[in-house]
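Have a look at the structure below, then the notes.
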Amino acid sequence: MDAVIYVNDTLKELLYEDQSLKQLVNAASLPGVVEPVIGMPDIHEGFGLPIGGVMAIEEKGVISAGAVGYDINCGVRLLRTSLEAAYFNKELLYKLIERIEYYVPTGIGKKGKHKGITRVIFDDVVHRGVEAVIKAGFGKKSDLEYIEENGGLSGADLSAVSKEAQERGEEQLGTLGGGNHFIEIQRVDSILDEKLARQFGLFKGQIVVMIHTGSRGFGHQIATDYTKILWEAAKKYGIEVPEKGLAAAPIDSKEGKAYYKAMAAAVNFAFSNRQIIMFDVMKAFEDILKKSSESMGFQLVYDVAHNIAKWEIHGGRRLLVHRKGATRALPAGHPQNPSFYKESGHPALIPGSMGTGSYVVVGTEKAAETFYSVNHGAGRRLSRNKAKKISKEEFEKAMGDVIYNVRSYKDIADESPLAYKDVEEVVSVLEKREITIPVARFVPLAVVKGAD
DNA sequence: ATGTAC
């Protein structure tokens with residue numbers, strides 16, 4: 001089976017610094033893989049499938065928890081406003097991020113402020129997704145149209161989820177987490193495609209908000225539980241799995257079906273998590289700017305998953321597409337697009353590292369060769385351990401004028417722009433290949449990170 | 001990514 005990686009000369013050099021190539025080749029050996037397995041320009045080493053990997057599997061093949069990742073439905077949501085960045089001075093930005101932190105718990109192990117409600121609706125949330133949190137008062141019905149899968153992947157079943165995962169999940173809905181998760185207030189720095197930008201409601205100098213988080217301890221526990229279960233199952237069914245991270249069982253097997261049910265529950269949790277955080281961010285803006293979110297023009301642009309496995313039709317075949325650190329990007333006219341984006345193709349959101357730019361792009365017809373997938377970020381260049389050694393001077397220089405909430409740079413040195421690949425370089429690879437059309441570029445003004 | 005480890 002073949003694997004294909006999209007890189008330029010600069011990014012190619014980075015491939016030899018970690019195990020990502022080997023991991024991609026290993027994945028290509030799993031039963032039922034539809035070639036090629038894809039490596040995105042932001043590929044780097046992960047657990048099992050590399051991050052920046054796309055693996056499509058035919059119906060008779062296998063499903064793998066490691067090919068989705070530990071943070072199931074880690075993803076990104078973009079909100080636009082009608083606010084002009086010119087009016088946002090540092091004082092105002094500091095007030096806003098302080099208020100956002102007041103509403104949204106950040107950092108590892110934090111419990112949600114809405115846990116009184118989220119405990120009650122938890123069952124409904126994991127089975128139906130965002131629809132359930134909207135019913136409970138977080139946002140408006142039409143938000144559903146602006147979320148991949150309408151904010152709910154069908155087939156979720158809490159009975160396939162361990163008690164431990166449920167207990168962690170109930171308390172963590174509405175929290176940001178740590179690591180690369182963030183809430184950023186950004187400015188639209190440049191419009192790269194006028195027509196598409198207009199369709200997405202974006203204009204130069206506009207304030208937008210980007211939210212990056214996932215399924216927290218809930219998804220993490222599910223991934224942990226099922227890596228073990230699928231590893232044992234692989235032995236039972238005689239499937240050769242090259243490493244534990246790629247533990248896999250037939251999609252049709254008891255274990256494979258159970259993983260899908262649990263994974264879908266975590267997918268729904270994560271979409272709902274971003275919905276609640278969006279609601280809280282809007283509340284923070286309302287408090288500080290003393291205006292209603294409607295009058296500030298708040299509108300969800302789109303919400304995409306970066307870590308997910310789901311059924312899609314490709315080349316007339318029904319395939320289980322595993323995306324791990326990759327974004328679905330359907331082209332203009334594709335029937336699976338939400339109605340609002342039928343003519344344009346839906347926005348695919350690509351956050352850069354904090355301190356650098358982020359992008360919104362759309363896929364083209366040519367993206368069929370990647371199973372309509374594009375890169376999901378800049379991609380890590382240094383391991384967390386190496387990046388922790390970045391000096392204070394280097395860190396501050398890389399951050400420039402960007403405001404951030406974390407007191408000590410040491411807590412987030414591993415998230416420094418220096419720890420990541422150049423997002424411009426990464427985005428240009430698929431653009432040159434005509435797989436994506438860049439629509440707009442954003443620069444961060446203020447960043448909320450999860451660290452104590 | 002993660003109540004940062006079997």
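Scope of the values below: all heavy atoms of this structure, side chains included, with no hydrogens, waters or symmetry mates.
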If we check side chain to side chain contact (heavy atoms under 4.5 Å, CB included) with A:Pro347, which of these qualifies: A:Val301, A:Val361, A:Thr327? A:Val301
Paired with A:Asp414, the salt bridge (charged side-chain N to carboxylate O under 4.0 Å, His left out) test is passed by just one of A:Arg380, A:Arg384, A:Lys449, namely A:Arg384
d(CG, A:Asp225; P, B:dT2) in whole Å: 16 Å
Let me know the distance between OH of A:Tyr226 and P of B:dT2, rounded to the nearest Å. 21 Å
Sugar-phosphate, base or nothing in reach of A:Gly179, heavy atoms under 4.0 Å: sugar-phosphate
How many whole angstroms separate atom CG of A:Asp411 from atom P of B:dT2? 15 Å
Taking NZ from A:Lys228 and P from B:dT2, how many angstroms apart are they, rounded to a whole number? 18 Å
Using a 3.5 Å limit on both pairing distances, list the dot-bracket string of DNA chain B from the 5' end; Watson-Crick and G-U wobble pairs count, crossing pairs take [ ], interstrand pairs take |. ......
Categorize A:Gly178 for me: base, sugar-phosphate, or nothing, with a 4.0 angstrom heavy-atom threshold over every strand shown. sugar-phosphate
Expressed as a whole number of angstroms, how long is the span from A:Asn273:CG to B:dT2:P? 10 Å
All pairs passing salt bridge (Lys or Arg N to Asp or Glu O under 4.0 Å) where residues 254-277 of chain A contributes a residue, at least two apart: A:Lys236-A:Glu255, A:Arg274-A:Asp303
A:Asn307 has an atom CG; how far is it from atom P of B:dT2, in whole Å? 11 Å
From CZ of A:Arg384 over to C1' of B:dT2, roughly how many Å is that when rounded to an integer? 10 Å
In terms of side-chain geometry, is the basic nitrogen of A:Glu131 or A:Arg128 positioned less than 4.0 Å from the acidic oxygen of its partner? yes
Could you tell me whether A:Glu45 contacts a base, only the sugar-phosphate backbone, or nothing, with contacts defined as non-hydrogen atoms closer than 4.0 Å? nothing
Between P on B:dA5 and CZ on A:Phe47, what's the gap in Å once rounded to a whole number? 13 Å
I'd like to check the side-chain contact (heavy atoms from CB on, under 4.5 Å) partners of A:Glu145; sequence neighbours left out, ordered by chain and number. A:Ser142, A:Ser339
Could you walk me through whether A:Lys12 and A:Asp9 pass salt bridge (charged side-chain N to carboxylate O under 4.0 Å, His left out), step by step? CA-CA 5 Å; A:Lys12 190 176 161 192; A:Asp9 288 344; 5.2 Å; no
Near-ring test A:Tyr146/A:Tyr302, centroid separation under 6.0 angstrom: no
Heavy atoms under 4.0 Å, any strand shown: does A:Gln172 hit a base, just sugar-phosphate, or nothing? sugar-phosphate
